[in-house]
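Worksheet: the structure to be examined is printed underneath.
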Amino acid sequence: MDDPGKHASGMSKLWPDARAALDGIVKDGMLLAIGGFGLCGIPEALIVALRDTGVRNLTIASNNAGVDGWGLGLLLETHQVKKMISSYVGENIEFERQYLSGELDVEFCPQGTLAERMRAGGAGIPGFYTRTGIGTLVAEGKEHKVFDGVTYILERGIQADVALVKAWKADLHGNLIYRRTARNFNPNAATCAKITVAEVEIVVQPGDLDPDEIHTPGIYVHRLVHNPQPEKRIEKRTVRTE
Amino acid sequence: MAWTRKQMAARAARELQNGYYVNLGIGIPTLVANYIPAGMTVTLQSENGLLGMGPFPRETEIDADLINAGKETVTFVPGASTFSSADSFAMIRGGHIDLAILGAMQVSERGDLANWMIPGKRVKGMGGAMDLVSGVRRIVVLMEHTTPDGEAKLLHICTLPLTGTGVVHRVITDLCVLDVTPSGFEVIEFADGITREQLEQRTEATLHFR
C-alpha cells in the first residue's frame, strides 16, 4: 500500500469521527481544497477538526472564507491560514483585518476559473486557456495565447494535498450524492487532492445507491465522516410573505 | 423624471425573450425577475449551480441547501436542475447563457466594465463577474447613471480595475438606455422628461444620439 493513511480497512471508508479522519493526513504548509459556497455545503465538522489539529501555514483553495466564527472563519481566528485562493471574501471582518495588515495572503481567482482549476487538477490537466480575466488584474503575468483570433490566458490546475468536502449521502465505498445547491464546489474539490475526506449526513451500504444517481464516484473519496445533523447556518434568510 | 429602481427593473425585463436562459446579478438586476412578462418562459441561472431559480421561499419552505449566488434562500421552479460549480461555469464560459444583467461601478464607451474593486477600499473579490462577462452572449448593465455623490459612471476610460474589456452591449440607467457601438455610447431611449443636456451633464463619455 503506497500510503497507509489513504485507505481504511477493507472497502469501508468510514472513520469514527472527523478528528480521527484527519489524523496523520494534514500537516503544516499543506494546500487544501475545501468545498462550499458561502456557508452552503461546507464540511463543517471537518473544518472544526482541522482547526483542532493545530496545523499551520495552510494554503486553502475555497470559493469563500466563511464568516466570523464559522466555517473557514474558524481557521482565520487561530491564524492557521497563510494564504487563501478565493473568488469572494466579503463576509468576514477578521479576514479583512488580516489581509489589510499583511498577515494573510490572498489570491483572488474568478469563480469559474477556480472551479475549473480544481476540475482540471483532478483530471490530470496542468493548465487551460480561458477568456475570463482578459484585460484585468487577473491576467497580469500570465501567458496569453490567441486561438482563432481570440485571446485567452493560461490558468493552472490545482492539485491539492487534501480536499475536504461535504455531501448529502454516501455509501461505504465513498460514492457521493449532493443535495440542492450544497453541491457547488464539492465535486470539483473532491477530485483534485491526493487524499479526499468527505463529510456526509447519511451513510448507506454499497448497493443502496442507484449507480446512475451518484455524483462523485468513490474512487475520488478516501475517507468518510458521518455528521447526521450539521448546523447548516444560513447567511441570508430571505422569505416571501404573500 | 428619473426612473425608479422598479421602473429600471421593468425596463430591463424588456431585454428578455421567450426561451432565454438568463443570469441576474446582485442588486437592482435581481428585481428584474419580478417583471418577467406573463406567458414568457425565462429560466434563471444562479452561478452557484442552479438553473430554474424560483422566488424566495415561504417561511415553511426554507432550505439551507438551496441558495442563490447572493447567498439568499430561494426555491426551484418546476424543471429546475442543480450542478457543480465547474459545470455551472462551463455553461457560462461556453456561451450557453443568452443574457446576463449585471450591476456596475463604471462602464466605458468601449464597453469595458468595472464592478468588483475600488483601490484603497475594502476588496471583496470578483466572484463570478469576470467569468460571466467573458462568457455570456449578451451583457446588459443595469445601474444608476451616476454615483450617489453625482460622479459620472459612464466614462471614456474606466478608472477602476476592470472586470472585462469590451464586454458590455447595452446600459440601462435611471435616466436612459444606451448601446455600446463601435463609435461609442448611443442613447436609444430617455426616461420621461430627461433631456439631452441633462444626460450630457451627468456623463463623462461622449454621447451619440439617434
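Here is the naming used below: chain letters follow the sequence lines, and residue numbers restart at 1 for every chain.
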Between A:Arg179 (side chain only) and B:Asp65 (backbone N and O only), is there a donor and an acceptor less than 3.5 Å apart?
no
Keeping A:Thr136 on the side-chain end and B:Gly164 on the backbone end, is there a donor-acceptor pair under 3.5 Å?
no
Quick one, B:Ile67 and A:Glu235 - any side-chain contact, counting heavy atoms below 4.5 Å?
no
Based on non-hydrogen pairs under 4.5 Å, which of [options] is most in contact with chain B?
| options | answer |
| --- | --- |
| A:Met118, A:Arg119, A:Arg240, A:Lys236 | A:Arg240 |
| A:Tyr99, A:Tyr88, A:Phe95, A:Trp168 | A:Tyr88 |
| A:Ala115, A:Ser87, A:Ala139, A:Cys109 | A:Ser87 |
| A:Cys40, A:Gly41, A:Ala65 | A:Cys40 |

Side chain, backbone, both or neither of [X] within contact of chain A (heavy atoms, under 4.5 Å):
| X | result |
| --- | --- |
| B:Val123 | both |
| B:Pro161 | side chain |
| B:Glu47 | both |
| B:Asn68 | backbone |
| B:Thr163 | backbone |
| B:Ala69 | both |

Crowding at [atom1], [X] (>12 non-hydrogen neighbours, <6.0 Å):
| X | atom1 | result |
| --- | --- | --- |
| A:Ile202 | CD1 | yes |
| A:Ile219 | CD1 | no |
| A:Leu154 | CG | yes |
| B:Tyr21 | OH | no |
| B:Asp149 | CG | yes |

Out of the candidates A:Glu116, A:Arg131, A:Gln111, only one should pair with B:Asp131 under the side chain to side chain contact (heavy atoms under 4.5 Å, CB included) rule; please name it.
A:Gln111
Which of the residues [options] is involved in the greatest number of heavy-atom pairs with chain A at under 4.5 angstrom?
| options | answer |
| --- | --- |
| B:Met117, B:Glu61, B:Glu59, B:Arg58 | B:Arg58 |
| B:Pro55, B:Ser85, B:Ser81, B:Ser134 | B:Ser85 |
| B:Ala64, B:Gly70, B:Gly128, B:Ser84 | B:Ser84 |

Need one label for [X]: side chain, backbone, both or neither, based on atoms under 4.5 Å from any heavy atom in chain B.
| X | result |
| --- | --- |
| A:Asn188 | side chain |
| A:Asn92 | backbone |
| A:Arg183 | side chain |
| A:Arg237 | both |
| A:Pro110 | both |

Atom [atom1] of [X] and atom [atom2] of [Y]: how far apart are they, to the nearest 0.5 Å?
| X | Y | atom1 | atom2 | result |
| --- | --- | --- | --- | --- |
| A:Leu39 | B:Lys71 | CG | NZ | 8.5 Å |
| A:Phe37 | B:Ser88 | CZ | OG | 9.0 Å |
| A:Thr130 | B:Met130 | OG1 | CE | 11.5 Å |
| A:Ile234 | B:Leu66 | CD1 | CG | 10.0 Å |

Over all atoms of both residues, closest heavy-atom pair of A:Val239 and B:Phe56
C-CB, 3.8 Å
Report yes or no: do B:Thr82 and A:Thr181 form a side-chain donor-acceptor pair below 3.5 Å?
no
